[in-house]
Amino acid sequence: MNLPCEIVMDLVALYQDGLANPVTKNSVAAHLRTCPDCRQYYKQYRRFSQRPSGMGQIPAENTAEQEFCRLAEKMRHRRMLIGIGFFSYVCASWCLLVMLWMRMRKRG
């Protein structure tokens, strides 16, 4: 699958964070190997996505750096929400299992 540059640039955040499915990941990787513009875009995104929140200077308005910072912050926020959701699900499941076990033990 040959992806256009605009789509690859939209998928860079998912690719970097490991959230893209395997087919998309392979397609983006193949495109990055052949397209120097997208490879440069990906390098810039990686540089800003790995910077801790609130570190460094705030980029000037309406620059690519500011766009990268906003995108990286959104992805960090999304990962945090997914982690909290998963943790909540595990805790609720565990509580439900304990309650069922206690109810079965009480009857038995």
key: T24 (side chain) donor-acceptor with A20 (main chain) under 3.5 angstrom   =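 Not confirmed, T24 side chain does not pair with A20 backbone.
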
query = Any salt bridge between E73 and R76, counting N to O under 4.0 Å?
reply =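 Salt bridge present between E73 and R76.
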
Does the side chain of [X] reach to within under 4.5 Å of the side chain of [Y], using non-hydrogen atoms?
X	Y	answer
P4	H31	no
V12	Y41	yes
V98	C95	no
L3	L11	yes
L19	M75	yes

ask   = For L100, which residues count as a side-chain contact (heavy atoms from CB on, under 4.5 Å) partner, sequence neighbours excluded?
value =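 Partners of L100 under the side-chain contact (heavy atoms from CB on, under 4.5 Å) test: L96.
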
Within this structure, what is the [atom1]-[atom2] distance for the pair [X] and [Y], rounded to the nearest 0.5 Å?
X	Y	atom1	atom2	result
C5	L32	SG	CG	9.5 Å
C35	Q40	SG	CD	11.0 Å
Y45	Q16	OH	CD	6.5 Å
M9	E6	CE	CD	7.0 Å

query = Is it the case that one hydrophobic cluster holds both L14 and I82, taking links as side-chain heavy atoms less than 4.5 Å apart, direct or via other members?
reply =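 They do not share one cluster, since no chain of ILVMFWY contacts under 4.5 Å joins L14 to I82.
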
inquiry  = Check for me, please, whether F87 and M80 land in the same ILVMFWY cluster - side-chain distances under 4.5 Å, paths through other members count.
reply    =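 The answer is no; the residues belong to distinct hydrophobic clusters.
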
query = Which heavy atom of R39 sits nearest a heavy atom of R33, and at what distance?
reply =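 Nearest heavy atoms, R39 then R33: NH1-O, 2.9 Å.
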
message = Test side chain to side chain contact (heavy atoms under 4.5 Å, CB included) on M102 and K106; report intermediate values, then the result.
response = CA-CA 6 Å; M102 289 175 64; K106 192 175 186 180; over 6 Å; no

